[in-house]
Amino acid sequence: MAAISGHCTFRSHQFPLSFTVPVASSSSFYGEALRSSSVSLASPPSVHRSLISCQASSAASPPSSSVNGTAKGGMKDFLHISDFDKATIMKILDRAAEVKAQLKSGDRSFAPFKGKTMAMIFAKPSMRTRVSFETGFFLLGGHAIYLGPDDIQMGKREETRDVARVLSRYNDIIMARVFGHQDILDLAKFSSVPVINGLTDYNHPCQIMADALTIIEHIGQLEGTKVVYVGDGNNIVHSWLLLASVVPFHFVCACPKGFEPDKETVEKAQKAGISKIEITNNPKEAVKGADVVYSDVWASMGQKEEAAHRRQVFQGFQVDEALMKIAGPKAYFMHCLPAERGVEVTNGVIEAPNSIVFPQAENRMHAQNAIMLHALGL
C-alpha cells in the first residue's frame, strides 16, 4: 500500500484529500508529451467520463514510458510518431488497412465510436483535415463538432489549459490543428481525454501515417524503401524524420540552403540509428533510386508573404517530368496537398500514372480512424 496525497475536484468544489490506495509497480498516473528535443511535459491524472477528477503525486508512481504515448487511464494522446515504438506504429497501420477494407466493402456495422463525440479545434482551416476526421468519426458511429478559428480563439479569448479542461468534460476525444506546437502540448497536458495532433507548425503525424499506409499499399512495405522529399524542410519533413527514428527506411530531404529541417530533429533521427538519413541541397542526386518522390508547397500557411521570395530561392527544386525520369520508372510521386501546380510540382507529374496523391489523400481518413481507435483503447 502506498499513501498518495493530493486534491480532488467534485463538480466545482475543491477539498483536501488524503487516502491510501494500492499502487502497482507498473502503474503510473503520469504520462509524457515529448517534443523532438525529448523535453517532457507531465500530464495530470484523470478519471475518464467521471464526475470526480483527482490530481495527485507519489514517489511510488514513476512517469510512464513515452513509447506508449501520454497515458490517460488506458487511453493515449497522438502528438508525435516517435512517442510510440515500431510495433505500435505498425499495429496502427495494420488496423487502418483492416478498417478501410471493411468500409470499402460497404459494411457499416462496425461502430466503435457510437455514443462518442469529438471536438475538432481548427486554428488553421483545412479541407482534408476536417472532412477526413469528421467523415471518419461519423462512419464509425461517432459525432464530431467543428470549432473554427473564431469559435474559440484559443490562447486569446480563453487560455489553452481552460479550453482543454472544458472540452474534456463534454467530449471523448479532441483533435486540434494549430500553429504553435506548444499549443498541442498544452492541450494534451491539461486534457483528461486523448488529444490528436491534426497539425502544428512543427509536425504533422497524421499525414505521415497516411503516407506510410499508402506506401505499404503500393510498394508492399515501408521498411527498406527510399523516400526523397524535395522542397522546404517543414513540418512534413520533421514528421518523416520522427517516423525514421522508429521504422527503418532511407529518408532524404533535398532543400535549398537555409531551408533545412530543424537541426535537433535531424540529429535525433540520426542518433536513433534506425534509418539512413540524408539532408542535401542537390535534388537531382537525391532522387536517384527513389521509391517515392515527395513534395509540398514552398510557402505554407502563415508564410504566404514570403511566397515570391521563396519562388526565387527554390528554383531547381520543382518536381517535374525531368526529375521524375532521374528517379526512375518505378518511382511514385506523393504530395500532401493542397498543391500549387506549376510551382513546386508540374501538372504533368501530378496527373501521371505513377502519381498516388489521391489515394494518399483518401488514406488520411483511414489512418486517422486507426489512430483514434488506438487512442481510445478500442
Side-chain angles (χ1 to χ4, degrees), residues 36 123-129 177-181 198-208 210-211 214 226-244 251-263 265-266 277-288 290 292-327 331-352 354-358 360-361 364:
S36 63
K124 282 186 174 184
S126 169
M127 178 183 76
R128 268 158 298 280
T129 300
R177 178 182 170 92
V178 297
F179 287 91
H181 193 65
L199 174 141
T200 72
D201 286 344
Y202 173 69
N203 72 336
H204 197 355
C206 290
Q207 177 65 60
I208 269 54
D211 297 343
T214 308
K226 181 180 180 181
V227 177
V228 181
Y229 175 97
V230 180
D232 182 31
N234 59 15
N235 53 4
I236 292 293
V237 177
H238 296 156
S239 297
W240 273 113
L241 288 167
L242 294 179
L243 178 61
F251 179 71
V252 185
C253 173
C255 54
K257 291 182 179 179
F259 292 87
E260 291 86 357
D262 175 65
K263 184 178 178 181
T265 306
V266 174
I277 308 294
E278 294 182 89
I279 310 298
T280 179
N281 306 122
N282 189 332
K284 292 181 180 179
E285 284 297 320
V287 300
K288 290 179 179 179
V292 171
V293 176
Y294 195 115
S295 185
D296 190 10
V297 292
W298 291 342
S300 300
M301 195 177 300
Q303 299 173 329
K304 295 306 179 183
E305 69 282 356
E306 304 175 25
H309 170 66
R310 284 174 175 250
R311 287 194 185 195
Q312 292 179 340
V313 175
F314 280 74
Q315 290 301 311
F317 287 83
Q318 182 187 72
V319 179
D320 56 15
E321 289 82 348
L323 194 66
M324 291 301 296
K325 186 175 182 180
I326 295 172
Y332 288 103
F333 175 72
M334 299 180 74
H335 194 300
C336 53
L337 301 179
E340 291 190 77
R341 298 181 186 223
V343 182
E344 76 274 2
V345 60
T346 62
N347 184 70
V349 168
I350 284 189
E351 298 295 344
N354 59 338
S355 169
I356 52 176
V357 297
F358 297 110
Q360 176 188 2
R364 281 289 302 277

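Position 1 is the first residue of the sequence; numbering continues from there. Only heavy atoms go into these numbers, but all of them, side chains included; no hydrogens, no water, no symmetry mates.
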For [X], enumerate each residue passing the side-chain contact (heavy atoms from CB on, under 4.5 Å) test, keeping only those at least two apart in sequence or located in another chain.
{"X": "N347", "value": "R341, E351"}
{"X": "N234", "value": "Y229, D232, I236, V237, D296, S300"}
{"X": "S355", "value": "F333, V357"}
{"X": "E321", "value": "T346, V349"}

Pairwise side-chain contact, [X] with [Y], heavy-atom cut-off 4.5 Å (strictly under):
{"X": "Q360", "Y": "Y332", "result": "no"}
{"X": "H204", "Y": "R177", "result": "yes"}
{"X": "I279", "Y": "P261", "result": "yes"}

Does any N or O in the side chain of [X] come within less than 3.5 Å of the main-chain N or O of [Y], such that one atom is a donor and the other an acceptor?
{"X": "N281", "Y": "C255", "result": "yes"}
{"X": "Q318", "Y": "G316", "result": "no"}
{"X": "D320", "Y": "A322", "result": "yes"}
{"X": "R310", "Y": "W298", "result": "yes"}

(request) Would you please name every residue forming a ring pair (Phe, Tyr, Trp, His ring centres under 6.0 Å) with F259, sequence neighbours left out? (result)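 Here the qualifying residues are F314.
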(request) Could I get the full list of salt bridge (charged side-chain N to carboxylate O under 4.0 Å, His left out) partners for K288, not counting sequence neighbours? (result)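 In terms of salt bridge (charged side-chain N to carboxylate O under 4.0 Å, His left out), with neighbours along the sequence ignored, K288 is linked to E285.
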(message) Please give me the minimum heavy-atom distance between A339 and V297, naming the atom from each residue.
(response)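 Closest approach of A339 to V297: CA-CG1, 4.5 Å.
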(message) So, applying side chain to side chain contact (heavy atoms under 4.5 Å, CB included) with E278, which one of V266, V228, V252 is it?
(response)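 Between E278 and the candidates, side chain to side chain contact (heavy atoms under 4.5 Å, CB included) is satisfied uniquely by V252.
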(message) Consider side chain to side chain contact (heavy atoms under 4.5 Å, CB included). Of L323, I350, V319, V343, which one does S295 pass it with?
(response)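 Of L323, I350, V319, V343, side chain to side chain contact (heavy atoms under 4.5 Å, CB included) with S295 is met by V319 alone.
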